[in-house]
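Structure first, then comments.
All chains are named by letter (A, B, ...) in the order of the sequence lines, taking the proteins before the strands, and each is independently numbered beginning at 1.
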Number of protein chains: 6
Amino acid sequence: MDTPAPDLGPAAKAAVLSDALHYMRRYAGRTVVVKYGGHAMGGSDTFARDVVQLQQVGIDPIVVHGGGPQIGRMLKRLGIESRFVDGLRVTDAATMEVVEMVLAGTINKQLVAAINAEGGCAIGVTGKDGRLIEAQKVVRKPDLGFVGEPKTVNAALLDGFKKSAMIPVIAPIGVGALGETYNINADTVAGAVAAAIKAARLLLLTDVAGVLDDNKKLVPEIDAAEARRMIAAGTISGGMIPKVETCLEAVDGGVEAAVIVDGRVRHAILLELFTEGAGTLIRAG
Amino acid sequence: MDTPAPDLGPAAKAAVLSDALHYMRRYAGRTVVVKYGGHAMGGSDTFARDVVQLQQVGIDPIVVHGGGPQIGRMLKRLGIESRFVDGLRVTDAATMEVVEMVLAGTINKQLVAAINAEGGCAIGVTGKDGRLIEAQKVVRKPDLGFVGEPKTVNAALLDGFKKSAMIPVIAPIGVGALGETYNINADTVAGAVAAAIKAARLLLLTDVAGVLDDNKKLVPEIDAAEARRMIAAGTISGGMIPKVETCLEAVDGGVEAAVIVDGRVRHAILLELFTEGAGTLIRAG
Amino acid sequence: MDTPAPDLGPAAKAAVLSDALHYMRRYAGRTVVVKYGGHAMGGSDTFARDVVQLQQVGIDPIVVHGGGPQIGRMLKRLGIESRFVDGLRVTDAATMEVVEMVLAGTINKQLVAAINAEGGCAIGVTGKDGRLIEAQKVVRKPDLGFVGEPKTVNAALLDGFKKSAMIPVIAPIGVGALGETYNINADTVAGAVAAAIKAARLLLLTDVAGVLDDNKKLVPEIDAAEARRMIAAGTISGGMIPKVETCLEAVDGGVEAAVIVDGRVRHAILLELFTEGAGTLIRAG
Amino acid sequence: MDTPAPDLGPAAKAAVLSDALHYMRRYAGRTVVVKYGGHAMGGSDTFARDVVQLQQVGIDPIVVHGGGPQIGRMLKRLGIESRFVDGLRVTDAATMEVVEMVLAGTINKQLVAAINAEGGCAIGVTGKDGRLIEAQKVVRKPDLGFVGEPKTVNAALLDGFKKSAMIPVIAPIGVGALGETYNINADTVAGAVAAAIKAARLLLLTDVAGVLDDNKKLVPEIDAAEARRMIAAGTISGGMIPKVETCLEAVDGGVEAAVIVDGRVRHAILLELFTEGAGTLIRAG
Amino acid sequence: MDTPAPDLGPAAKAAVLSDALHYMRRYAGRTVVVKYGGHAMGGSDTFARDVVQLQQVGIDPIVVHGGGPQIGRMLKRLGIESRFVDGLRVTDAATMEVVEMVLAGTINKQLVAAINAEGGCAIGVTGKDGRLIEAQKVVRKPDLGFVGEPKTVNAALLDGFKKSAMIPVIAPIGVGALGETYNINADTVAGAVAAAIKAARLLLLTDVAGVLDDNKKLVPEIDAAEARRMIAAGTISGGMIPKVETCLEAVDGGVEAAVIVDGRVRHAILLELFTEGAGTLIRAG
Amino acid sequence: MDTPAPDLGPAAKAAVLSDALHYMRRYAGRTVVVKYGGHAMGGSDTFARDVVQLQQVGIDPIVVHGGGPQIGRMLKRLGIESRFVDGLRVTDAATMEVVEMVLAGTINKQLVAAINAEGGCAIGVTGKDGRLIEAQKVVRKPDLGFVGEPKTVNAALLDGFKKSAMIPVIAPIGVGALGETYNINADTVAGAVAAAIKAARLLLLTDVAGVLDDNKKLVPEIDAAEARRMIAAGTISGGMIPKVETCLEAVDGGVEAAVIVDGRVRHAILLELFTEGAGTLIRAG
């Protein structure tokens, strides 16, 4: 376990503990969906341990992961050219095969192994397993190929994992009505999963601090209406827009709150859930 | 909830949290018996809240209380003379009636009300309720009257409370084979209860820091053999001897560990259970 | 067990038995609330055994007790003056402390011990335990101090006791919204408890035969409308009025029937429940 | 329900009730096997109601019936000659067919209908249903044809009926290893069923008072050794011998006690079980 | 087990198997009611084994049987004259006694024994057992005596048998409101039972191939409207009319489909359920 | 569903059905492990449907797959050279990464999707998920790199899948004590899984008919001793030796029987389980 900071007196520790117990009670028996991002992944972080500890205090975690950089590297090795439209990868059949292979066969299993090494019981799945995510093609011009979006999430399957105390680790791949394979944005999958099970929290781990206001100060909490205003006003811009929109869809879909969290901070998940919070929390409203 | 110390950074909090989760897992689903002492009681302390929070994270608390000072005051008001032999109150029938009345009718209900005000579901009992504690007379010269010691503890009853998520608050009174009422030392009752249910921990909340070594420094942890040596050597002396002996009987009886904790510290129970510890822990050995 | 009357032939016994089984079936699995009065209490009566036998044939008893005389004696010993308004004890803080101490610490535990000596598993509680009875102040002129009336009864708690086959023995004390303690009339508590759980029967054990008609003959059964007429006509008068009103509130609140029974008769509870009845039964109507 | 004897005072009734509750507790959740004899059957008796009332207070009844007289009448109508050896009917194939038809098709269904008319849920069966009684031929000279004795009783089947609150009514017919049908003595079947399920009581309802001593006085209770002495001494003789032997086999087989009861007395079953007894009780010893 | 036809190649077998599994899935956990007719009964047929095998693959069978010829023979032996009106037996009290005796005491037990010899756990019942079939008199001129029709079927009882994995074998006898016994047509009982439990299938085993069209060719499947047209047109005539009407009532009552099957074919039940069908299936429509 | 062979008469079908039901009963509620081989895979076969149908009749399938040819192709595309020693692929770190990616990310998901398209609920896993297969290095000269063998199989995990009616589809990859990834022979994994759960059957689907005797005739069944004699005598030789040895280890480990089946035959699994068999069955002995 971590070495506690040596200079913390009992009074300070006691205050942290008492608050943490208060928050834990709120989440007991509920589910938290965590998107573990491509960029936030890797190295010596505390992500896997945090996930296992959540479960140990009675909160059920579900993990969704991305994998952009690794996919790009494998495509390159295989001599398959990558093309992007508005930040979305154009996914032809040959690309799709590689995307699935890398996400389901490499990254998913690394994450599963890391969580299990901490004492968890993670099961890695894609949207094909148990038809977890039925998807449909994203229709737009120019055509993106096998890029999809979730149509239905099999909540009963997730409930089966929960009953057996298994931690689902989900690669963002969906299956179409005719059996075709779709590449889906990982944030979108995390949001759809969270909405399908009315999760207590959706946590999007990223590599920024959260939503910033016009003075570049972190905004700790906003409601949906305010978030929409900030997008309209341009305060929220660039890559933050789709993240916030995923959060808005989740809270519209019944998730209690969605949080954009800085995944680079050690124990980011614990800090968000068991203290007065970290990052930017978005509520319905 | 407590105001967290304002100057604690996220890294420090995160370290405390991660450690606490590690400890919580160890106690999940298990029972902790807490003796809440006459002298440690009262005022604005955090005892009741701590007890409720234990239960909220899946640990089942059982509380045993004393009541020396209040008994003395009521005896005085009623003009009944108190006599002590070796620190034990000589308890004739008239005294016994007052002891029971004050413990079961006044102190027990105060503690119950305090715990319930924090959101718990405490049920105050004595050894008569459900024949929880069958007792026998302590036989010694000079005779002490209705001073008893536990013979059997009705563990099934405590299990019934646990199943209904009720927190038992026990006044240290036993019932004899012929229905007679006995006054029992509260530490002894706590130890017997802890042994009967093979508790994970017995916490004796007192008004000292714990066991001190020859240099008056707090001893964080000792095994039973070492504790016996320290008594023989006189390092442990005076009122600390019966406390340590209660701990030794508990660990001999199957309790995982017994701890003498300073009840004057805020959130003493949380600090003991969810950090590297407080007070002096005594293990079998 | 009782010595059966030696001159009863098999035919007479058989008739009693067959009828009794018929009645038992009606109450199987249901709950009967018994108010055991201050005056009816004590001595060599069969109350405790009857309560245990009810449970043994599948009927769940709940006992509510009073304690007027004993409270008066203790107040006198402590030099606290008793004042009554319309038969209600004016209860200042000092008096309240004594009332609680005697009811919860002395009488309640005597009754618990008596029931357990017959093989039951009684648990003595007040309205504070598990917040069983939340109370509010009785507002009237002149002010009565801490005299209260039940506002809510925690039926889930009573259900928890039932599931663990524990017999609740309730002292008539309530807890206010701010944690203050209230002295409540025991009949009133019994009625409120019976209504909260829709009991099959509320039995008020008293020291009279029941309701008498104008010719001083016992009335075996009346409906609510008739009872109200008898109060208006003055046939029911004096101390019988509040008892009948408690019965009326209980049947209005969903209790199947309430009965004023002569607690001085041996096995009064069994006679009331398992023969064509004893005392005066009051039904809705 | 029965009209209670009008001259019974409350004290007498109360004594009967208190005793009855005491006995009921002893049998709660247990099974009582009742042999309802050919001669004791019929008319306006209270047998069916008693059986239903047993179940209503938590005792599980199993009924075994005979049918000698009715079988004889049908054989006569069909012109089939009856032959007896030592009181046992010689049973050829044609006779067996009639025995089964009358027992299973007529008497069994009459008894089932009578019990159900009192509110029970009786299911009439023979040893063929669910292979309840596997039988073997009684081998003796002269040959008795299809006269059998129980080899195994399917206790799991009876347990299935108990779980569905069905009252089994058993016609004394067994099935052989090759599917052949056997005529078995009803007392013998009752004894074997009682032993197979370790019944609390086996009641043989007959048309005599019970076992008489040398002075023709009823013997209320004997142990097995004494019963064997009384047979050897000739005090027990004639048709009482096989009845007592059935009782001895039952108590040897694990039945708590077997009782020969006078079935002509109204509510004989209730009197035997819920008072100090009727008839002659035989215990192991 | 049957000797498989030696000349079937693996491909043919595999096709039969795959289809059968497909059909089995449709019936898994559901109930099939089979009327086993008087004329279809007896000899070396495969009926009992088929019934047991249904249960072994998770389908719950209920059997209803008739018994016309055997009843006629016994009436003749007893010198009771048989009278018929429109094919219905006029049933006076003496006749009713014989009908019940033969159906419940002889035929029912033969069928039970046959099923149990194949490893089943059959329980033979009539409408009296557990008040399975409450009946009312069929009122018509001339009067038919104790000829009845089902008024209510005790579906809860059948559910109790199902939970204990018992196979009910039902003799077509009903009980009236006053306890009187009624003779009911076995097809009618089967239809009423199937409707009461919303069976997946009602199979009427007969000694004809099924419904024939105007060219005397077997009609494999019709809906209710078409069946009614064929009756009106005279294509369905004679003894086939009541059979088809029983089927129509069953499907109107909620049975998925009713089938008239040729019971003379070996394994007729298996062929009907687990291949593309046999006989004539009638659906709602 | 398959078109049934048109020339099969009802008698032939009935015989196949009756036999099949007999076999189904033997396997009800039990587990069958099927190794679906690299060469047997693909095309329009009936494998996925057979697996789903097994589950639908109450048998729990577990699938283990290989993937030799596809791995070879991907290695070639990536320019990684394949080296074999005694038919075993030398697996360095770069190769291991590709093996895992292809097995877990491509083939596993194809098989999962095929089973789910037939209505099943397949979950694809490797030995890393839930630490299903803990492995150790195969130590031999020359060194094979990351080639492993199963050390422990997590049977509790498989039980969890079974309870949720999920069909595990296992890629033959193990995880070492230090988290390293191992490539394991798929037959070996299937055998170890079957032994860990005491499967009813291990089916190795191959592209040969089974074990042939000296006259090249298929041997339908042998015991373990005979199998060992045939290996020693050279009758079993070449690639058949490791297959038979896997079978022998499985039956030694508690599997009821292991069968080498020709996976090229349509519905091979159904034929093996539900007829008198196909391929070569090996029993303990």
Side-chain angles (χ1 to χ4, degrees), chain A residues 67 70 74 77-80 94 96-132 134 154 156-169 171 173 175-181, chain F residues 67 70 74 77-80 94 96-132 134 154 156-169 171 173 175-181:
Chain A
Q70 296 93 326
M74 181 56 68
R77 282 179 66 189
L78 287 164
I80 299 173
M96 187 65 242
E97 193 193 339
V98 175
V99 168
E100 183 178 26
M101 199 168 70
V102 172
L103 284 176
T106 302
I107 299 173
N108 186 269
K109 297 312 167 195
Q110 279 169 2
L111 203 42
V112 161
I115 291 172
N116 292 351
E118 293 289 343
C121 179
I123 300 293
V125 292
T126 73
K128 286 184 179 173
D129 296 279
R131 295 190 80 78
L132 175 58
E134 304 206 352
N154 183 349
L157 189 82
L158 296 171
D159 199 52
F161 289 132
K162 184 172 176 170
K163 278 193 185 121
S164 295
M166 299 172 182
I167 301 172
V169 174
I173 285 169
V175 61
L178 305 171
E180 69 275 26
T181 308
Chain F
Q70 295 92 326
M74 181 56 68
R77 283 178 64 188
L78 289 163
I80 300 173
M96 186 65 242
E97 194 194 338
V98 175
V99 167
E100 184 178 24
M101 199 169 69
V102 172
L103 283 176
T106 302
I107 299 174
N108 186 269
K109 297 313 168 196
Q110 279 169 359
L111 204 41
V112 160
I115 291 172
N116 292 351
E118 294 288 343
C121 179
I123 301 294
V125 292
T126 74
K128 286 184 178 173
D129 297 280
R131 295 190 81 80
L132 176 59
E134 304 206 352
N154 183 350
L157 188 80
L158 295 171
D159 200 50
F161 288 132
K162 183 170 175 170
K163 277 190 187 125
S164 296
M166 298 172 183
I167 302 172
V169 174
I173 285 169
V175 61
L178 305 171
E180 69 276 26
T181 308

(message) At a heavy-atom distance under 4.5 Å, which candidate from F:Val102, F:Val112, F:Ile173 has the highest pair count against chain A?
(response) F:Val112

Mind listing the side-chain donor-acceptor pairs of residues 121-128 of chain F below 3.5 Å, one per line with the distance, residues two or more places apart or on another chain?
{"residue": "F:Thr126", "atom": "OG1", "partner": "F:Lys128", "partner atom": "N", "Å": "3.0"}
{"residue": "F:Thr126", "atom": "OG1", "partner": "F:Asp129", "partner atom": "OD2", "Å": "3.4"}
{"residue": "F:Lys128", "atom": "NZ", "partner": "F:Glu100", "partner atom": "OE2", "Å": "2.8"}
{"residue": "F:Lys128", "atom": "NZ", "partner": "F:Thr181", "partner atom": "OG1", "Å": "2.8"}

(request) Could you have a look at F:Met74, F:Arg77, F:Lys109 and say which one has the most heavy-atom pairs with chain A under 4.5 angstrom? (result) F:Lys109

(message) With chain F as the partner, which of A:Leu103, A:Leu157, A:Ile167, A:Val169 has the greatest number of non-hydrogen pairs under 4.5 Å?
(response) A:Leu157

(request) Output the distance between atom CD1 (A:Ile115) and atom CZ (F:Arg131), rounded to the nearest 0.5 Å. (result) 13.0 Å

(message) What part of F:Val175 gets within 4.5 angstrom of chain A, counting heavy atoms only: side chain, backbone, both, or neither?
(response) neither

(request) Please determine, among A:Gly130, A:Ser164, A:Gly105, the option with the most heavy-atom pairs under 4.5 Å with chain F. (result) A:Gly105

